[in-house]
Amino acid sequence: MTFKQEFFKIYDKKIASGEITFSRSGITKTDFTRICMEPDFVFEKEALEIICTAMKLTRDEHDRLFSSAGY
């Protein structure tokens with residue numbers, strides 16, 4: 001699974017459940033546009049850590065995202 005696929009699998013689940021909103025996700029509008037438009041886009045490691053914390057990811061979700069990002 002690509003980073004983009006893994007990210008949206010988790011992100012969509014969190015949004016649909018009401019756990020997070022876009023404004024609380026830690027993602028900038030620019031980066032969100034990039035992940036939607038650029039097939040190989042990956043957040044910078046530091047940004048991804050902030051996003052994982054803001055989205056309250058489980059350890060498994062965190063690890064899957066970082067692994068798919070190549071970190």
Side-chain angles (χ1 to χ4, degrees):
M1 188 173 291
T2 68
F3 174 77
K4 183 176 183 172
Q5 291 169 325
E6 191 68 57
F7 172 78
F8 277 112
K9 179 180 173 183
I10 295 167
Y11 177 82
D12 289 345
K13 181 180 82 171
K14 297 276 186 179
I15 290 288
S17 72
E19 288 180 69
I20 63 164
T21 61
F22 176 77
S23 63
R24 292 186 177 174
S25 68
I27 305 167
T28 66
K29 290 178 184 180
T30 301
D31 280 350
F32 191 80
T33 299
R34 289 185 70 197
I35 197 167
C36 291
M37 303 299 291
E38 299 174 23
D40 297 325
F41 176 79
V42 175
F43 297 107
E44 295 291 328
K45 191 173 186 176
E46 295 78 17
L48 186 55
E49 195 62 61
I50 291 167
I51 291 165
C52 287
T53 300
M55 289 176 49
K56 300 176 182 150
L57 299 191
T58 65
R59 173 51 63 187
D60 180 59
E61 291 167 331
H62 175 280
D63 292 349
R64 283 186 290 148
L65 267 187
F66 269 75
S67 177
S68 66
Y71 298 128

Answer yes or no: does atom [atom1] of [X] have more than 12 heavy-atom neighbours from other residues, nucleotides or ligands under 6.0 Å?
{"X": "Met1", "atom1": "CE", "result": "yes"}
{"X": "Glu44", "atom1": "CD", "result": "no"}
{"X": "Lys14", "atom1": "NZ", "result": "yes"}

Reported [atom1]-to-[atom2] distance for the pair [X] and [Y], which is rounded to 0.5 angstrom:
{"X": "Ile50", "Y": "Met55", "atom1": "CD1", "atom2": "CE", "value": "13.5 Å"}
{"X": "Arg34", "Y": "Ile27", "atom1": "CZ", "atom2": "CD1", "value": "13.5 Å"}
{"X": "Leu65", "Y": "Ile10", "atom1": "CG", "atom2": "CD1", "value": "4.0 Å"}

Whether the side chain of [X] engages the backbone of [Y] through a donor-acceptor N/O pair (distance < 3.5 Å, no angle test) should be reported.
{"X": "Glu49", "Y": "Glu46", "result": "no"}
{"X": "Ser25", "Y": "Phe22", "result": "yes"}
{"X": "Thr33", "Y": "Lys29", "result": "yes"}

Taking the side chain as everything from C-beta on, heavy atoms only, tell me whether [X] gets closer than 4.5 Å to [Y].
{"X": "Arg59", "Y": "His62", "value": "yes"}
{"X": "Phe7", "Y": "Ser68", "value": "no"}
{"X": "Cys36", "Y": "Phe8", "value": "yes"}
{"X": "Phe3", "Y": "Tyr71", "value": "no"}

query: Do you see a donor-acceptor pair shorter than 3.5 Å between the side chains of Thr21 and Ser23?
result: yes

field: Nearest heavy atoms of Ile35 and Lys4, plus distance in Å
entry: O-CE, 3.0 Å

- prompt: What are the two closest heavy atoms between Gly26 and Ala54, and how far apart are they?
  reply: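 Between these two residues, the closest heavy atoms are N-CB, 4.0 Å.
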
From CA spacing to verdict: salt bridge (Lys or Arg N to Asp or Glu O under 4.0 Å), Glu61, Lys56: CA-CA 9 Å; Glu61 291 167 331; Lys56 300 176 182 150; over 6 Å; no

message: Determine whether Tyr11 and Phe32 satisfy the following criterion, ring-ring contact (aromatic ring centres under 6.0 Å, His included), listing intermediate values before the conclusion.
response: CA-CA 11 Å; Tyr11 177 82; Phe32 191 80; 5.7 Å; yes

- request: Could you check whether the rings of Phe43 and Phe41 sit parallel, tilted or perpendicular, using 30° and 60° as the cut-offs?
  value: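 Geometry flag for Phe41 against Phe43: perpendicular rings.
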
